**Q** 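Mind looking over this structure? Questions follow.
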Amino acid sequence: MRKINKKHPESKFSYQNLVICCPGAIDNCFHCDKSKGERDITFNLFDDAFIASLSYGTKDGDIRCSVPKYESEINDILNLNHPLLKKNRQKTLAAVIAELGKKK
């Protein structure tokens, strides 16, 4: 069983807290919640300004943020630009584009 975050026990069942949970491990390299551990992130996934600050690199699969502090948290705390995650995002995008192309 996972260790409950002792820093914010009131948030343990909050959707806004749990939305970032996933298995979080690729070849012993952690990402998402496993990488985050008990460290805090300062952005709110449901904040329109945060969402507007995000961009996606369609050629490299990077998730980017125009706010440097959030960009650092995305990379250094959540490890969302792990090479395998980026590769999987590129594959998914290519598959969606291929399916949309069939609909013409």
Side-chain angles (χ1 to χ4, degrees):
M1 184 167 166
R2 289 185 56 99
K3 180 171 69 171
I4 300 297
N5 187 329
K6 292 178 178 76
K7 287 174 67 176
H8 305 285
E10 73 286 354
S11 303
K12 67 183 173 184
F13 296 118
S14 164
Y15 177 74
Q16 292 180 333
N17 184 49
L18 296 173
V19 73
I20 201 160
C21 293
C22 78
I26 299 171
D27 299 330
N28 295 320
C29 184
F30 296 155
H31 61 277
C32 297
D33 193 48
K34 267 199 170 164
S35 177
K36 180 184 170 295
E38 292 195 17
R39 297 179 288 176
D40 288 331
I41 53 174
T42 58
F43 56 81
N44 177 343
L45 292 171
F46 300 97
D47 178 60
D48 290 337
F50 170 70
I51 293 168
S53 74
L54 296 174
S55 64
Y56 175 71
T58 56
K59 295 200 187 312
D60 60 12
D62 269 358
I63 294 174
R64 298 184 186 98
C65 185
S66 60
V67 179
K69 181 175 185 170
Y70 299 162
E71 173 86 4
S72 175
E73 292 173 1
I74 285 168
N75 288 302
D76 302 333
I77 294 178
L78 298 175
N79 196 21
L80 294 182
N81 284 316
H82 181 281
L84 189 54
L85 292 177
K86 290 172 29 171
K87 182 179 171 184
N88 288 344
R89 287 193 288 264
Q90 289 172 300
K91 283 183 179 180
T92 301
L93 179 61
V96 168
I97 290 170
E99 280 300 311
L100 290 174
K102 292 178 188 177
K103 306 283 184 201
K104 289 184 179 180

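Since this is a predicted model, take the numbers as computed values, not measurements.
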**Q** What pairs with K69 under salt bridge (charged side-chain N to carboxylate O under 4.0 Å, His left out), at least two apart in sequence or on another chain?
**A** none
**Q** Answer yes when D62 and K86 have at least one side-chain N-carboxylate O distance shorter than 4.0 Å, and no when they do not.
**A** yes
**Q** Return the set of residues passing side chain to side chain donor-acceptor pair (under 3.5 Å) with T42 (not counting sequence neighbours), or none when no residue passes.
**A** E73
**Q** Give a yes or no on whether L100 and Y56 share a hydrophobic cluster (residues Ile, Leu, Val, Met, Phe, Trp, Tyr; joining criterion: side-chain heavy atoms under 4.5 Å apart).
**A** no
**Q** Using the side-chain contact (heavy atoms from CB on, under 4.5 Å) criterion, which residues pair with S72? Sequence neighbours excluded.
**A** D76
**Q** Side chains of N79 and C29, heavy atoms from C-beta outward: is any pair under 4.5 Å?
**A** yes
**Q** Indicate yes or no: at least one non-hydrogen side-chain atom of I74 is less than 4.5 angstrom from one of C65.
**A** yes
**Q** So which heavy atom on L80 is nearest to which on L85, and how close?
**A** O-CD1, 3.7 Å
**Q** Measure the spacing between NZ of K36 and NE2 of H31 and express it to the nearest 0.5 Å.
**A** 14.5 Å
**Q** Report yes if the side chains of N81 and R89 come closer than 4.5 Å at any heavy-atom pair, otherwise no.
**A** yes
**Q** Begin from the C-alpha positions of R64 and L54 and carry the test side chain to side chain contact (heavy atoms under 4.5 Å, CB included) through to its verdict.
**A** CA-CA 6 Å; R64 298 184 186 98; L54 296 174; over 6 Å; no
**Q** Can you tell me how far NZ of K87 sits from CG of D60, rounded to the nearest 0.5 angstrom?
**A** 15.0 Å
**Q** Under the rule for side-chain contact (heavy atoms from CB on, under 4.5 Å), what residues qualify as partners of N88, not counting sequence neighbours?
**A** L84
**Q** Which heavy-atom pair separates K102 from E99 by the least distance, and what is that distance?
**A** NZ-OE2, 3.0 Å
**Q** Please give the remaining members of the hydrophobic cluster of F30, linking ILVMFWY side chains under 4.5 Å, ordered by chain and number.
**A** none
**Q** Quick one: pull up CD1 in I51 and CG in L45 and give me the separation to the nearest 0.5 Å.
**A** 8.0 Å
**Q** Using a 3.5 Å distance criterion without hydrogens, assess whether the side chain of E71 forms a donor-acceptor pair with backbone atoms of S66.
**A** no
**Q** Applying ring pair (Phe, Tyr, Trp, His ring centres under 6.0 Å) as the test, list every pair that has at least one member in residues 64-98; sequence neighbours left out.
**A** F43-Y70, F50-Y70
